[in-house]
Amino acid sequence: MSATSPSFWLDSLGPLDRRPALPGDRTADVAIVGGGYTGLWTAYYLAKADPTLSIVVLEAEYCGFGASGRNGGWASGLFPVAEEKLARRYGGERAAAMHIALGDAVDEVGRVAAAEGIDCDYAKGGTISLVRSPAQLRRARSAPGFVGADEARAICGANDVLGGVYSEHCAALHPAKLARGLASAAERLGVTIHEGTRALRISRGTVVTDHGTVRAGTVVRALEGYTAALAGHRRRLAPVYSLMIATEPLPAAFWDRVGLARRETFTDERRMVIYGQRTADDRLAFGGRGAPYHFGSKIRPEYDRVPEVFEALRRTLGELFDIDPPIAYRWGGPLGIPRDWMPSVGLRDGIGWSGGYVGDGVAAANLGGRTLADLISGASTERTGLPWVGHRSRRWEPEPARWLGINVGLRATALLDAWDRRAA
């Protein structure tokens, strides 16, 4: 088993047959840059809506190589901007519609997976955010979905549980199986996918790659954490790393004690995000933030592996469940973080985009892809009226302010969590 695999999820699928690179210059109706969830969902729904469209997906590595094949496997209705904050800016009705649409997207992912025969271990058990300190309890007690200690422990039998916040709007799944299956489904609908084809720059009507130029009526940017590597986009989204571990399969006695019987996903109320799931083969797949942001928005393979973060994740699992878990896999990758933490989707001057999901992109990318398909086809739908449509976050500050601000913020978040643990 590989300790440095791109991810447990990708490694578990075995050898990969890559699709051919772009063979040279070509034209298309729609050119999509990025073969992750956003690009593939956009292609899928466009092809379903209009089979006559010529749609090309351009992927630098292979479909699912980035966050779509490395994430925690949560298809959740979570949105990084609270509904109350959205309501202040866009009104209560539109804010509620945003959260309802994301909840519906969880079901849509499962529906399409079933319809297309994508066996991605989809299990909609909901999610539980455990309350494990008095300070967390004070913050969480008034939250929608709050449950008492007994009910929370019945879902996830972790240590020191004082309560929890439960939502039904989450499904656990195998993210790489979803990405690969979705790519195949799009191809069956007539979409052309070129892997090993890196986009160098985009402009209205044109994508310049290392294998040729694609000219298209509409260009879609769907690069999420890798957006900063595209010419002219370094300050659009900050690539902030999240790291994960996966245990060996754990025995039945452990699961009898811990629960997660419906494969509920789990986290707790600390500020430095952690996230976990019980996999279909009875492992714990567990991740968290805390890895540093790298100067100049650099993205490198070695940044996927930070030994002290992996060790902190292992210790956290031990603290949660009284185990010294055998770790089979360690991996990581960049998320796309907008300056105001507000994801967005839109189409302007022939260029579409969706992203800035702040790590909650499995279901959001589905909603974003459907919305982009509406916008590109000119349809006016409930989706095109959601508050994230057309939103533009301001750019991140130039360096070194960006490096200082993000890393100071990470450190401050860790210190606040430490204060919570000490506070009565």
Side-chain angles (χ1 to χ4, degrees), residues 1-12 67 69-76 78 121 123 125-132 136 152-153 155-161 164-165 170-176 240-251 254-255 257-291 304-335 359-362 410 413-414 417:
M1 294 187 183
S2 171
T4 58
S5 167
S7 78
F8 155 66
W9 312 113
L10 291 164
D11 194 76
S12 70
R70 307 190 197 191
N71 63 78
W74 289 37
S76 81
L78 295 172
D121 303 335
T127 189
I128 182 78
S129 181
L130 301 169
V131 175
R132 301 182 59 244
Q136 291 179 4
R153 282 194 293 264
I155 296 171
C156 182
N159 292 324
D160 304 321
V161 172
V165 180
C170 191
L173 52 75
H174 188 303
V240 175
Y241 278 73
S242 191
L243 273 57
M244 291 196 70
I245 57 176
T247 69
E248 299 282 6
L250 298 171
F254 172 81
W255 296 112
R257 174 170 64 87
V258 168
L260 303 175
R262 297 190 302 138
R263 292 186 56 217
E264 297 92 341
T265 63
F266 66 93
T267 181
D268 71 12
E269 288 289 306
R270 72 186 70 196
R271 295 174 178 86
M272 186 71 80
V273 174
I274 60 170
Y275 49 93
Q277 70 146 291
R278 176 182 182 174
T279 67
D281 63 348
D282 284 339
R283 302 170 189 265
L284 279 170
F286 186 70
R289 311 280 170 84
D304 297 349
R305 300 180 291 278
V306 184
E308 56 267 34
V309 175
F310 291 139
E311 176 58 22
L313 291 172
R314 189 195 65 80
R315 285 198 310 270
T316 301
L317 277 183
E319 174 192 311
L320 282 166
F321 300 119
D322 276 337
I323 55 172
D324 184 11
I327 305 302
Y329 291 88
R330 301 168 179 84
W331 74 94
L335 310 171
D360 287 316
V362 179
L410 288 169
T413 300
D417 284 334

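Quick note: numbers below take in every heavy atom, side chains included, and nothing from hydrogens, waters or symmetry partners.
Considering all non-hydrogen atoms of both residues, Gly276 and Trp74 come closest at O-NE1, 3.3 Å. Smallest separation of non-hydrogen atoms from Cys156 and Val161: O-CG2, 4.4 Å. Across Phe266 and Leu320, no two heavy atoms sit closer than the pair CE1-CD1, 4.3 Å. What you find for Ala285 and Thr279 is that their closest heavy atoms are CB-CG2, 3.9 Å. Residues Asp360 and Ser76 share a closest heavy-atom pair of OD1-OG, 4.0 Å. Pairing each heavy atom of Ser12 with each of His174, the nearest pair is OG-NE2, 2.9 Å.
In this structure the side chain of Ile245 reaches within 4.5 angstrom of the side chain of Leu317, judged on heavy atoms. Residues Arg289 and Leu335 form a side-chain contact, since some pair of their non-hydrogen atoms from C-beta on lies under 4.5 Å apart.
If you take CG on Asp282 and CH2 on Trp255, they are separated by 6.0 Å, rounding to the nearest 0.5 Å. Atom CD in Glu248 sits 5.5 Å away from atom CZ in Arg283 (nearest 0.5 Å). Taking CD of Glu264 as the reference point, atom CD1 of Ile155 lies at 6.0 Å (rounded to 0.5 Å). Of the inter-residue distances, the one linking Arg257 atom CZ with Ile323 atom CD1 reads 7.0 Å to the nearest 0.5 angstrom. Of the inter-residue distances, the one linking Asn159 atom CG with Arg153 atom CZ reads 10.5 Å to the nearest 0.5 angstrom. One finds the OG1 atom of Thr316 at 9.5 Å from the CD atom of Glu311 (value rounded to the nearest 0.5 Å).
At distances below 3.5 Å, at least one donor-acceptor pair connects side-chain atoms of Trp9 with backbone N or O atoms of Asn71. Side-chain atoms of Ser7 come within 3.5 Å of backbone N or O of Gly69 as a donor-acceptor pair. Panel note: side chain Thr247, backbone Leu284; a donor-acceptor pair is recorded below 3.5 Å. Remark: the backbone N or O of Gly72 is paired with a side-chain donor or acceptor of Gln277 at under 3.5 angstrom. Checked by atom type and distance alone, the side chain of Arg263 pairs as donor or acceptor with a backbone atom of Arg278 at under 3.5 Å. A distance-only check finds no donor-acceptor pair linking the side chain of Asp160 to the backbone of Arg132 [under 3.5 Å].
Checked for salt-bridge contact, Arg70 and Asp304 meet the test: a charged N lies under 4.0 Å from a carboxylate O.
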For Asp324 and Arg314, run salt bridge (charged side-chain N to carboxylate O under 4.0 Å, His left out): C-alpha distance rounded to whole Å, both residues' side-chain angles, the deciding distance at 0.1 Å, then the answer. CA-CA 8 Å; Asp324 184 11; Arg314 189 195 65 80; 2.8 Å; yes

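Between Tyr275 and Ser242, the side chains place a donor N or O and an acceptor N or O closer than 3.5 Å (distance only, hydrogens not considered).
Classified by interplanar angle (parallel below 30°, tilted 30° to 60°, perpendicular above 60°), the ring pair Phe254/Phe321 is perpendicular.
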